[in-house]
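One structure below.
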Amino acid sequence: MVKILDTTLRDGEQTPGVSLNPHEKLEIAIKLDDLGVDIIEAGSAITSKGEREGIKAITSQGLKAEICSFTRAMTVDIDYALECNVDGVHLVVPVSDIHIKHKLRKTREETLKCALDAVEYAKDHGLIVELSGEDATRSDIDFLIELFKKGVEVGADRVCVCDTVGVLTPERSYDLFKRICGEISVPVSVHCHNDFGMATANTLSAIRGGAQECHLTINGIGERAGNASLEEVVMALHILYNIKTNIKTEKLYEVSRVVSRLMKIPVPPNKAIVGDNAFAHEAGIHVDGLIKNNQTYEPIPPEMVGNRRRIILGKHSGKAALKYKLDLMGVSLSKEEFEKVYERIKNLGDLGKYISDVDLKTIINEVRGESPE
Ligand code: KIV
Ligand code: ZN
């Protein structure tokens with residue numbers, strides 16, 4: 001069983017141009033809880049008054065999921081998180097020399113001390129602590145492991161390796177997690193970004209290497225090219241790796257649409273699992289195979305993720321697809337009518353059009369109008 005920390009409301013909300021009000025945050029959090037995520041990163045309490053209102057609205061709901069706030073290794077951040085009554089903090093410390101030197105303008109020793117002081121402070125205040133190494137995949141691994149080990153000694157409940165700028169490869173991810181998980185006594189989590197389009201693959205490799213939790217967002221939204229997408233990782237785990245999560249997969253499509261609507265980020269049609277084309281079929285050969293047995297061209301049953309099969313009529317369609325559609329619509333045509341309808345579909349397809357169900361009904365009516373009764 002792999003645990004899911006959903007960061008749609010924190011890293012996802014960092015998508016350029018996105019800002020949710022407290023009601024919208026709450027609406028998404030309720031959906032995420034219902035979906036079955038184990039931990040909801042509800043936001044970053046230090047950010048603003050509105051952000052704190054949103055986090056408080058979420059923590060007052062009594063959801064099943066653990067609710068955490070993102071914090072830096074600073075008591076002021078932890079105090080704001082406490083004010084929001086969260087269960088825990090996602091306590092983030094930059095660990096690469098690039099970040100330590102140029103962003104924090106500190107030394108490794110100073111960074112380590114800040115991290116440990118912050119973990120102790122959060123634990124003294126009764127919080128669950130997930131200690132994250134920011135830019136961990138460009139850090140010195142010995143320093144990273146030292147920080148994690150010392151963090152665990154002072155009470156960190158989990159640690160997380162962040163591939164902040166998405167530079168992992170699946171091979172490196174596996175090796176890195178194998179090593180870290182072999183040395184750390186608490187659950188290790190993975191947080192991947194998609195700069196090279198490999199966030200899902202890297203997350204899966206980290207899990208193969210021993211990670212017990214992964215950070216994901218709905219629709220893969222997040223900073224720059226986004227985060228590892230929840231629906232992709234979960235379905236790959238369930239179907240390709242036979243590893244379970246607590247996600248109720250049949251709710252994925254609905255949650256994807258709620259997040260898309262509230263964040264005003266359209267879901268690309270070809271988005272795996274939740275895109276409108278993810279289960280759409282047009283090519284004659286495909287539709288013919290599919291009609292005989294869905295598994296020919298559907299590695300995932302669409303109903304398993306709450307999506308639906310779409311048979312598209314257009315230039316690539318075969319007669320089997322048209323017959324399938326007509327059967328679904330309960331329409332029966334004479335042989336001559338059928339041939340005419342099919343020809344019109346092909347002609348329209350050649351003009352670059354695809355035929356919606358409404359178009360098809362119009363074509364049928366026209367053809368019937370032309371045919372002698
Ligand atoms: O990508 C990242 O490193 C993060 C951390 C700040 C947790 O989102
Ligand atoms: Zn991130």
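Just so you know, these numbers use all the heavy atoms, side chains as well, and skip hydrogens, waters and symmetry mates. Both ligands and their constituent atoms are indexed starting at 1 by order of listing.
Against a heavy-atom cut-off of under 4.0 Å, E134 is close to the following atoms of ligand 1: 3 (O). For ligand 1, the atoms lying closer than 4.0 Å to a non-hydrogen atom of C162 are 3 (O), 7 (C). Contact atoms of ligand 1 toward V92: 5 (C), 6 (C), 7 (C) (distance under 4.0 Å to a heavy atom of the residue). Atoms of ligand 1 lying under 4.0 Å from any heavy atom of H191, numbered from 1 in the order shown and given with element: 1 (O), 2 (C), 4 (C), 8 (O). Against a heavy-atom cut-off of under 4.0 Å, D11 is close to the following atoms of ligand 1: 8 (O). Counting atoms of ligand 1 from 1 in the listed order, those under 4.0 Å from a heavy atom of F70 are 6 (C).
One side chain, E298 or H281, offers a donor N or O that lies under 3.5 Å from an acceptor on the other. For the 3.5 Å distance criterion, the side chains of T59 and N85 fail to qualify, holding no donor opposite an acceptor. Judged purely by distance below 3.5 Å, without hydrogens or angles, the side chains of Y253 and D276 pair a donor atom with an acceptor atom. Side chain to side chain, R310 and N307 meet the donor-acceptor criterion of an N or O pair below 3.5 Å.
Residue contact check for ligand 1: Q14 places no non-hydrogen atom closer than 4.0 Å to it.
Heavy-atom minimum distance, D142 versus R179: OD1-NH2, 3.0 Å.
Classified by interplanar angle (parallel below 30°, tilted 30° to 60°, perpendicular above 60°), the ring pair H90/H215 is perpendicular.
Taking atom 1 (O) of ligand 1 as the reference point, the nearest protein heavy-atom neighbour is H193 NE2, 2.9 Å.
Between S132 and ligand 1, no N or O atom pair is found at a separation short of 3.5 Å. Between R10 and ligand 1, a contact under 3.5 Å exists for at least one N or O pair.
Closest to atom 3 (O) of ligand 1 by heavy atom, among T137, D163, T164, is T164.
T7 places no side-chain N or O within donor-acceptor distance of the main-chain N or O of E41, the cut-off being under 3.5 Å.
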inquiry  = side-chain contact (heavy atoms from CB on, under 4.5 Å), that's the test. Do S229 and K271 meet it? Break it down for me.
reply    = CA-CA 10 Å; S229 134; K271 175 80 182 62; 3.2 Å; yes
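With hydrophobic clusters built from ILVMFWY side chains whose heavy atoms lie under 4.5 angstrom apart, L147 does not share a cluster with I98.
Here H193 reaches the Zn ion (ligand 2): one of its N/O/S atoms is less than 2.8 Å from the metal. At a cut-off of 2.8 Å, H215 is not counted among the residues with an N, O or S atom near the Zn ion (ligand 2). Residue side and main chain included, D11 places an N/O/S atom under 2.8 Å of the Zn ion (ligand 2).
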